[in-house]
Every structure is written in structure tokens, then in C-alpha cells.
Amino acid sequence: MNKASNKTPEIDESRTSNFIEHLIDADREAGKIAGPVHTRFPPEPNGFLHIGHAKSICLNFGLARKYGGLCNLRFDDTNPVKEEVRYVESIKEDVKWLGFDWGDREFYASDYFETLYEYAVQLIRKGKAYVDDLSPDQIREYRGTLSEPGRESPCRNRSIEENLDLFARMRAGEFKEGDRVLRARIDMSSGNLNLRDPVMYRIFKAHHHRTEDRWCIYPMYDWAHGQSDAIEGITHSICTLEFEDHRPLYDWFLDQLGIHHPRQIEFARLNLSYTVLSKRKLLQLVQENRVDGWDDPRMPTISGLRRRGYTPESIRDFCDRIGVAKANSTVDIALLEHCLREDLNRSAPRVMAVLDPLRIVIENYPEGQVEEMEGENNPEDPAAGSRKISFTRELYIEREDFMEDPPKKFFRLAPGREVRLKHAYIIKCETVVKDESTGEVVELRCTYDPATRSGEADGRKVKGTLHWVSAEHAVNAEVRLYDHLFTTANPGDEKENPDFTMALNAESLKILTNCKLEPSLKGTRPGDRFQFLRMGYFSVDLESAPERPIFNRAVTLRDTWARIVKKEGA
RNA sequence: UGGGGCGUGGCGAAGUGGUCUAACGCACCGGAUUCUGAUUCCGGCACUCCUAGGUUCGAAUCCUAGCGCCCCAGCCA
């Protein structure tokens with residue numbers, strides 16, 4: 001039930017095309033690309049993927065699909081001190097789960113270390129790269145500032161022979177970390193700081209998750225990325241805005257090497273309201289235990305969204321709808337939620353679950369009698385069929401569905417008032433039983449109208465319909481209610497929030513341990529998704545066990561009543 | 001005069017000189033239907049496209065000048 005569809009994502013013809021597609025169209029018309037369009041998704045395995053990466057994944061794989069080309073999965077694993085295999089595993093799982101297939105094209109920048117090394121030697125031979133002995137601090141100092149040019153390193157004019165020798169000795173492990181680097185020899189006075197002799201290789205005596213201890217010099221991203229794309233024959237290298245300044249550097253490398261030139265196109269990364277999408281901040285939340293790991297259902301990570309109950313379809317739909325452009329923007333998280341509701345509305349079975357139970361006794365209903373009521377599983381999908389639900393004298397209803405002294409617009413249960421119990425009868429609240437000492441309502445004594453059984457013609461209409469569960473048949477469960485992780489729309493904005501953790505929502509998780517579910521929910525498995533009638537969409541949590549079911553609220557239903565209360569009660 | 005980008009409704013985003021008193025989606029505001037206050041449906045929501053000039057019969061789209069916002073000074077990616 002609710003298994004992720006294995007179908008490959010379809011192309012939505014109604015979607016308007018984005019500027020990247022216009023550029024690719026132009027390239028093809030101009031005959032600039034020989035074969036099919038070839039893209040790649042290039043994550044660094046130093047953290048878990050989040051919804052922002054989903055945008056990039058959908059874009060890159062989507063472009064390949066649209067143009068009948070291919071998209072590679074390539075790990076940019078050039079920094080061994082930050083990368084781990086568990087991250088590559090999680091990334092592969094997430095991309096797969098999202099519904100994309102990279103076939104046998106699973107690559108690693110580390111696959112190209114030897115080639116990259118040879119390329120570097122070529123640049124040294126051309127006098128376009130040199131080994132620098134400056135310390136990190138000195139290099140920074142020599143780089144100049146945004147408005148002043150830099151100065152050339154004393155090592156800049158070393159002989160080719162000396163550079164070749166030194167570089168080989170760097171590789172051989174003769175120097176300590178930080179002692180020497182290989183730099184491109186470009187222009188220390190360039191207005192573009194990336195061209196002020198950028199570092200190509202640094203020394204790390206670190207264990208790499210793939211190349212193990214074979215290397216002690218590692219290429220910088222800027223040196224590895226463009227060449228990796230070239231090696232793979234990427235036609236269109238899609239990346240985010242901050243790399244726009246790096247494009248001239250990539251072009252320079254490629255020109256010096258005289259190899260294939262992918263076209264780089266930059267787009268604006270995703271920002272989402274009420275959450276953060278920076279790997280650094282997400283890592284911090286995990287490390288400081290502000291959340292329960294990378295897959296905490298409040299996290300905007302793919303694994304968090306999955307655990308929360310999001311479907312891959314809804315995430316892909318979201319990525320389609322937000323569009324692709326160059327203007328920085330923040331998408332309202334309500335759109336993501338809308339996409340999930342829309343998907344689950346048509347696919348999730350309806351069930352009844354009482355989260356905060358209030359006992360009611362139907363005084364004129366025979367003790368011991370059980371009636372099997374018919375309940376449709378999904379009004380949006382007749383093929384989903386129906387199920388039997390036991391109706392008895394003692395039931396649970398939602399505590400918030402009763403008010404002793406209700407406002408005029410409240411059309412749920414109140415003393416003397418009638419409501420329909422979904423799939424069952426119309427009942428009337430006769431008396432309210434309270435705890436003598438606390439005044440708390442502990443039970444409602446009601447009567448039912450036998451002539452109003454669900455499905456049978458009845459002339460009577462009541463304003464409200466409530467969900468309920470037979471007390472005798474109820475399954476106990478834990479339900480976790482999630483809300484936005486942050487209380488402000490832009491928690492990641494450093495000017496608004498110097499310390500983004502101050503904006504953490506203290507009420508982002510509420511655990512309810514006394515929930516009553518209808519018995520059909522007994523055999524569920526982690527990942528199964530349901531609509532709890534009138535309450536929202538819920539999914540079975542990873543930690544759920546048959547004897548201790550746990551449900552996560554993925555998203556609430558639209559709630560007009562809550563809005564009225566908020567508007568009038570404020 | 002450091003370099004590179006971006007500015008269309010509350011939020012995204014189409015639009016590439018005439019059909020723009022500007023598509024579409026989200027949000028929001030009505031109203032209809034409803035045994036989920038859900039869904040669905042119907043209607044509303046920019047005389048205006050950062051501003052000011054200019055070109056043109058005609059500009060969100062072209063030109064000029066301003067203004068605002070974002071990115072870059074990691075041996076991170």
C-alpha cells in the first residue's frame with residue numbers, strides 16, 4: 001500500500017520551459033553539441049541530501065530525460081577530511097527513492113585523480129602552474145582584497161624543472177600538510193579573485209573513503225570539477241549561482257588543457273520558508289541534538305521528508321512547480337505541503353483515529369451489541385473499496401470535537417446538540433460527566449437515532465460529522481505531531497538571525513501517547529501512509545512496531561475551522 | 001569605475017517590441033456542493049512589470065542614467 005511508484009517520472013507538458021531549456025534549445029539549433037544532452041548531479045558526500053538537492057536532481061535528470069540524453073551521478077569526493085561512505089550510501093538511496101536512475105554511470109571525482117595529476121603536470125610544463133611555499137596566511141595576504149590587486153608569490157617564477165620535481169615530491173609525501181601547494185599561474189591582479197593564482201592541490205595526509213592511502217595530495221574542487229565534467233563528456237554543467245565567478249577559471253583550465261568544454265549554466269538555489277537549507281546548519285542541528293538525526297521528520301532532508309511521510313511524487317511535483325531561474329528567492333513551504341496533500345488526497349486510504357480521546361456512552365444503544373458499519377476507503381478512488389468498522393455503545397471521539405459552551409459557528413458536539421458519527425448514526429449529547437475535583441470533562445452520555453444509520457435514506461441533516469473509534473476495538477498508538485522547525489520565515493537569514501538556533505520552534509514536535517486507532521490499522525508497516533479522517537495525513541514511522549505502533553503526521557488537512565478560530569479568537 | 005549576477009502581485013514564476021488594463025501555481029478573500037469545517041466547483045486578487053528619462057505608431061520586453069538586493073578575499077564544495 002502506498003508503495004513508491006516504480007514508474008519513471010513523466011514529463012509534464014503543461015509546465016512552461018525554463019531559461020536553461022531555452023539555452024539548450026539554442027545550443028542544439030546552433031549545432032553546438034554533437035551528441036545527446038548529457039548532464040550530471042555532482043554531490044559531495046559530506047552530508048545528507050535535502051530538498052534543495054532534490055531541485056537539482058529533478059533539474060539534471062529531468063533535462064536528460066526531456067532531451068533523450070543521460071545524467072550521471074558523480075560524487076565530488078575531493079576532500080577526504082569531510083567525506084564518508086555512509087553519506088554516499090544515503091545519497092544513492094535518496095536519488096533512487098526520488099525515482100531517478102543513473103544506470104551504470106556512478107562516478108567519483110576520485111576516479112580521475114591520476115588523470116588530474118597528469119593534467120597538472122601538463123600545466124606545469126606549460127609554465128601555467130607552480131608549487132608555492134607560502135603558508136596559508138601568506139597566501140591570503142598576497143591575494144589582496146576585493147578592491148585591491150594581489151601580489152605575486154616569490155615562488156611564482158620557479159623553473160619548470162623545479163616545479164616538476166617539487167610537485168612529484170608533494171605526491172610522494174615528502175612535505176607536511178600546509179607546507180606547499182600547487183597553484184595555477186594566472187593573474188594576481190584580476191578583479192575576479194578566482195583567477196588570482198588559485199590553489200589546485202593541497203597536502204592532506206588523510207585516509208580517503210575510496211582511494212584509501214594512495215594519495216596525500218588532493219585536488220581542489222575548482223581544479224577537479226570542470227575536468228571531471230570534461231572527462232565524462234558532459235554537455236551542460238548545471239550548477240548554482242555562486243559558481244558563476246568560477247566559470248572563467250574553469251574555462252581557463254579547459255582551454256589550457258585543450259579538452260572538451262561543457263557549457264556551464266547557473267541557477268538560483270532553493271530557499272524554503274520556516275527551515276534552513278545549508279548543509280552546515282543542518283549538520284549543526286544534528287550534532288547539537290536539536291533534532292533526532294539527519295532523518296528527523298522535521299528536517300528538510302530527503303530522508304527526513306521520507307520518514308515524515310512525503311512521497312517522491314509530491315517532491316518531484318514541487319520541484320516542477322517552483323521553476324528554475326536566476327533570481328534568489330524563497331519558496332513558501334505551504335507549496336511543498338500543498339503538493340503532498342494533493343498527492344495523498346488521491347492515494348491515501350482514509351481511516352479513523354482519535355488522537356486525544358474523550359469517552360462517550362450511547363445510553364440507548366444495547367450493551368454488548370456490535371454493528372459492522374461500512375466505510376469507504378477513499379472517496380477519490382472507488383477502486384480502493386471499503387472496510388467494516390465496528391460500532392458499539394462505548395466510543396472515543398476527539399476531545400476538541402466537544403465544547404461545553406460553544407460559540408455560534410461551532411457545529412460539533414455540545415450539550416443538547418446533534419452530530420453525525422461518520423459512517424454511523426446521528427447522536428445527541430445528553431449529559432456531561434465531569435471529574436468532581438478538577439472539573440475536567442471525563443465522559444459524555446449520548447443517545448443515538450436508530451433511523452439515521454449511514455447509507456440508509458435519512459431526511460435529517462446535521463452540520464457536523466465526527467470521526468470516532470469503538471472503545472472496545474481501539475488499537476493504542478503513539479502519534480507524533482510535527483510543526484515547522486523554526487518560528488520565523490527566514491531562520492537562515494544571518495542578518496535577521498545571527499544565531500539561527502534561537503529561532504528553533506520549541507513546539508515543532510508533540511508526542512501523543514494515548515491515541516486510539518481503528519483496528520484496520522493493526523498490520524501496517526513503516527512507510528505506509530493514511531489520511532486520518534479530519535486530522536491530516538500520517539505515515540507509519542521507522543521505529544513503529546506491531547505492539548507499539550507509531551505514526552508521524554506528515555501534514556494537516558486544510559482546516560477552515562482553525563482559521564475561523566484564529567481570526568475571531570485573536 | 002574590484003569582479004560577477006539579479007530586480008514582474010504576499011510567495012514563486014511565465015513573458016524574448018503589438019493578441020499584456022501581464023499566463024499559471026501557492027497563499028489569501030468570498031460563495032456553491034459535501035456523512036471529512038477535507039476534496040471538488042465557481043468567483044475575486046498587478047491599468048502594471050525597481051525608478052527616472054529616452055527610442056518607437058506601439059515597450060515588462062530596446063537604449064541611457066540611477067536605486068536596491070545577492071555572491072566572491074577556504075590549502076571548503
Side-chain angles (χ1 to χ4, degrees), chain A residues 14-18 22 42-44 46 76 78-79 81-82 132 134-136 139-141 143-150 177-183 189-196 198-204 218 220-222 224-225 239-248 266 268 273 279-280 320-339 341-342 345-346 350 352 376 379-380 409-412 419-424 426 452 454-455 458 461-467 489 531-536 556-564:
Chain A
S14 70
R15 207 198 78 244
T16 54
S17 57
N18 59 55
H22 294 319
E44 181 190 15
N46 68 343
D76 270 330
T78 54
N79 187 345
V81 316
K82 289 188 176 173
D132 198 348
L134 256 27
S135 71
I139 287 183
R140 189 181 324 119
E141 197 189 317
R143 185 153 33 227
T145 68
L146 292 179
S147 53
E148 297 156 30
E177 286 188 11
D179 275 3
R180 284 191 165 81
V181 292
L182 183 75
R183 290 230 252 171
S189 64
S190 172
N192 182 344
L193 303 212
N194 295 121
L195 265 20
R196 319 242 265 227
V199 172
M200 294 165 64
Y201 278 93
R202 73 292 214 194
I203 297 169
F204 275 140
Y218 290 91
M220 294 287 291
Y221 171 87
D222 276 350
H225 194 81
C239 65
T240 45
L241 257 26
E242 65 270 31
F243 294 106
E244 216 150 11
D245 289 350
H246 298 235
R247 184 161 19 108
E266 308 85 5
S273 63
K279 270 198 195 176
R280 202 205 93 230
D320 272 350
R321 294 194 195 208
I322 56 178
V324 180
K326 295 197 71 160
N328 289 315
S329 63
T330 300
V331 174
D332 192 340
I333 196 164
L335 178 60
L336 215 210
E337 296 170 343
H338 168 82
C339 292
R341 286 193 190 103
E342 193 172 86
N345 176 51
R346 56 177 174 251
R350 272 60 169 174
M352 294 201 284
E376 58 187 350
E380 305 293 321
K409 284 179 185 162
F410 184 82
F411 40 81
R412 278 118 95 144
V419 293
R420 169 169 292 284
L421 293 181
K422 179 79 179 172
H423 304 312
I426 289 177
T452 57
S454 191
D458 74 70
K461 293 273 185 208
V462 284
K463 277 292 233 174
T465 300
L466 310 186
H467 60 281
Q531 182 193 107
F532 286 3
L533 234 49
R534 306 206 305 132
M535 303 306 284
T556 61
L557 255 28
R558 276 188 74 228
D559 191 346
T560 310
W561 170 243
R563 222 169 331 191
I564 293 169

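Naming: A, B, ... by sequence-line order, numbering from 1 per chain.
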> Is the shortest heavy-atom distance from the side chain of A:Leu533 to the side chain of A:Thr465 under 4.5 Å?
Replying inline: no
>> What's the gap between B:rU61 and B:rC50 when it is taken at their P atoms, as a whole Å value?
In response: 8 Å
> Mind checking the C1' distance from B:rC76 to B:rC29? Whole angstroms is fine.
Replying inline: 48 Å
> Given atom NE2 of A:His423 and atom C1' of B:rU36, what is their separation to the nearest angstrom?
Replying inline: 9 Å
> For the side chain of A:Thr452 and the backbone of A:Ile426, is there at least one donor-acceptor N/O pair under 3.5 Å apart?
Replying inline: yes
> When we call it a touch if two heavy atoms are under 4.0 Å apart, what does A:Lys422 touch: a base, just sugar-phosphate, or nothing?
Replying inline: base
> Considering only the P atoms, how many Å lie between B:rA22 and B:rG31, rounded to the nearest integer?
Replying inline: 26 Å
> Mind checking the P distance from B:rC49 to B:rG44? Whole angstroms is fine.
Replying inline: 23 Å
> Would one find a side-chain N or O of A:Arg563 under 4.0 angstrom from OP1 or OP2 of B:rC29?
Replying inline: yes
> What is the pairing partner of B:rA13, taking Watson-Crick or G-U wobble pairs with both distances under 3.5 Å in any strand?
Replying inline: none
>> From the set B:rC28, B:rG37, B:rG12, return the single nucleotide nearest to any side-chain atom of A:Val331.
In response: B:rG12
>> Once you apply a heavy-atom cut-off of 4.0 Å, does A:Arg180 come out as touching a base, just sugar-phosphate, or nothing?
In response: nothing
> With side chains defined as the heavy atoms from C-beta onward, is the minimum distance between A:Leu466 and A:Arg534 less than 4.5 Å?
Replying inline: yes
> Is A:Glu337 touching bases, backbone alone, or none of the nucleic acid, heavy atoms closer than 4.0 Å?
Replying inline: nothing
> Between A:Lys326 and A:Glu244, is the closest basic N to carboxylate O distance under 4.0 Å?
Replying inline: yes
>> Using a heavy-atom cut-off of 4.0 Å across all strands, would you classify A:Val81 as base, sugar-phosphate, or nothing?
In response: nothing
> What is the glycosidic conformation of B:rC20: syn, defined as within 90° of 0, or anti?
Replying inline: anti
> Say you pick atom C1' in B:rU55 and the same atom in B:rC62; how far apart are they, in whole Å?
Replying inline: 8 Å
> Quantified in whole Å, what is the C1' atom distance between nucleotide B:rG12 and nucleotide B:rC28?
Replying inline: 15 Å
> Closer to the 5' end of RNA chain B via nearest nucleotide, is it A:Glu177 or A:Thr330?
Replying inline: A:Thr330
> Of the non-hydrogen atoms in A:Ala327 and A:Ala268, which two are nearest, and what is the gap between them?
Replying inline: O-CB, 3.4 Å
> Considering only B:rC26, B:rC75, B:rG37, which nucleotide approaches the side chain of A:Met220 most closely?
Replying inline: B:rC75
>> Counting only Watson-Crick pairs (N1-N3 plus N6-O4 or O6-N4) and G-U wobbles (N1-O2, O6-N3), all under 3.5 Å, who is the partner of B:rC28?
In response: B:rG44
> Expressed as a whole number of Å, how far does the P atom of B:rA23 sit from that of B:rG15?
Replying inline: 14 Å
> Could you state the CG-P distance from A:Asp559 to B:rU39, rounded to the nearest angstrom?
Replying inline: 10 Å
> Between the base of B:rG37 and the side chain of A:Arg534, is there any donor-acceptor pair under 3.5 Å?
Replying inline: no
>> Syn or anti for B:rG74, given that syn means the glycosidic angle lies within 90° of 0?
In response: syn
>> Looking at B:rC26, I'd like to know if its phosphate oxygens (OP1 or OP2) sit under 4.0 Å from a side-chain N or O belonging to A:His338.
In response: yes
> Does A:Arg247 put a side-chain nitrogen or oxygen below 4.0 Å from OP1 or OP2 of B:rG5?
Replying inline: no
> Taking any strand in view, what nucleotide pairs with B:rC76 in a Watson-Crick or G-U wobble way, both distances under 3.5 Å?
Replying inline: none
> Base, sugar-phosphate, or nothing for A:Val181, non-hydrogen atoms under 4.0 angstrom?
Replying inline: base
> How far apart are the closest heavy atoms of A:Pro379 and A:Arg350, and which atoms are they?
Replying inline: CD-NE, 3.7 Å
> Does a side-chain N-to-carboxylate-O contact under 4.0 Å join A:Arg558 and A:Glu337?
Replying inline: no
> NA contact type, A:His22, heavy-atom cut-off 4.0 Å: base, sugar-phosphate, or nothing?
Replying inline: base
> Quick one: are the ring centres of A:Trp561 and A:Phe411 less than 6.0 Å apart?
Replying inline: no
> Rounded to whole angstrom units, what separation is found between the NZ atom of A:Lys326 and the C1' atom of B:rU8?
Replying inline: 18 Å
> Expressed as a whole number of Å, how far does the P atom of B:rU39 sit from that of B:rU34?
Replying inline: 16 Å
> Of the nucleotides B:rG12, B:rC26, B:rG37, which one has an atom closest to the side chain of A:Arg321?
Replying inline: B:rC26
> Can you check the A:Leu557 CG to B:rU40 P distance for me, whole Å?
Replying inline: 11 Å
> Atom NE2 of A:His467 and atom C1' of B:rG37: how far apart are they, to the nearest Å?
Replying inline: 13 Å
>> Can you measure A:Asp76 atom CG to B:rC76 atom P for me and round it to whole angstrom units?
In response: 15 Å
>> Once you apply a heavy-atom cut-off of 4.0 Å, does A:Pro42 come out as touching a base, just sugar-phosphate, or nothing?
In response: nothing
> Is any side-chain N or O of A:Ser329 closer than 4.0 Å to OP1 or OP2 of B:rA13?
Replying inline: yes
>> Side chain of A:Ile322, heavy atoms from C-beta onward: which of B:rA77, B:rG12, B:rU36 has the nearest atom to it?
In response: B:rG12
> In the structure shown, which nucleotide is the Watson-Crick or G-U wobble counterpart of B:rU55, with both distances under 3.5 Å?
Replying inline: none
> Looking only at heavy atoms, what is the nearest atom pair of A:Asn192 and A:Pro248, with distance?
Replying inline: ND2-CG, 3.7 Å
>> For B:rU40, does the base pair up with any side-chain atom of A:Glu380 as donor and acceptor (N or O, under 3.5 Å, distance only)?
In response: no
>> Measure CD/A:Glu141 against P/B:rC75 and give the value in whole Å, please.
In response: 14 Å
> So, is A:Ser190 near the phosphate of B:rG3, with a side-chain N or O under 4.0 Å from OP1 or OP2?
Replying inline: no
> For A:Arg196 and B:rG74, what is the distance between atoms CZ and P respectively, to the nearest whole Å?
Replying inline: 11 Å
Distances under 3.5 Å between protein N/O atoms and the N/O atoms of nucleotides 70-73 of chain B, please, pair by pair.
unit_1: B:rC70; atom_1: OP1; unit_2: A:Lys495; atom_2: NZ; d: 2.8
unit_1: B:rC70; atom_1: O2'; unit_2: A:Asn328; atom_2: ND2; d: 3.0
unit_1: B:rA73; atom_1: O3'; unit_2: A:Arg143; atom_2: NH2; d: 3.4
unit_1: B:rA73; atom_1: O2'; unit_2: A:Arg143; atom_2: NE; d: 3.2

> Considering Watson-Crick and G-U wobble pairs with both distances under 3.5 Å, what does B:rU33 pair with?
Replying inline: none
> For B:rC67, which nucleotide in any strand shown is its Watson-Crick or wobble partner with both distances under 3.5 Å?
Replying inline: B:rG7
>> Classify A:Tyr201 by what it touches in the nucleic acid, base, sugar-phosphate, or nothing, heavy-atom distance under 4.0 Å.
In response: nothing
> Who pairs with A:Ile322 by side-chain contact (heavy atoms from CB on, under 4.5 Å), at least two apart in sequence or on another chain?
Replying inline: A:Lys55, A:Leu270, A:Phe318, A:Val331, A:Leu335
> How would you label the contact of A:Lys279 with the nucleic acid (heavy atoms, under 4.0 Å): base, sugar-phosphate, or nothing?
Replying inline: nothing
>> With a 4.0 Å limit, can you tell me whether A:Arg558 has a side-chain N or O closer than that to the phosphate oxygens OP1/OP2 of B:rC26?
In response: no
>> Which residues pass the side-chain contact (heavy atoms from CB on, under 4.5 Å) test with A:Thr240, not counting sequence neighbours?
In response: A:Glu242, A:Phe243, A:Phe267, A:Arg269
> Between A:Thr78 and B:rA77, does any side-chain N or O lie under 4.0 Å from OP1 or OP2?
Replying inline: yes
>> So A:Asn46 and A:Asn79, do their side chains get closer than 4.5 Å, heavy atoms only?
In response: no
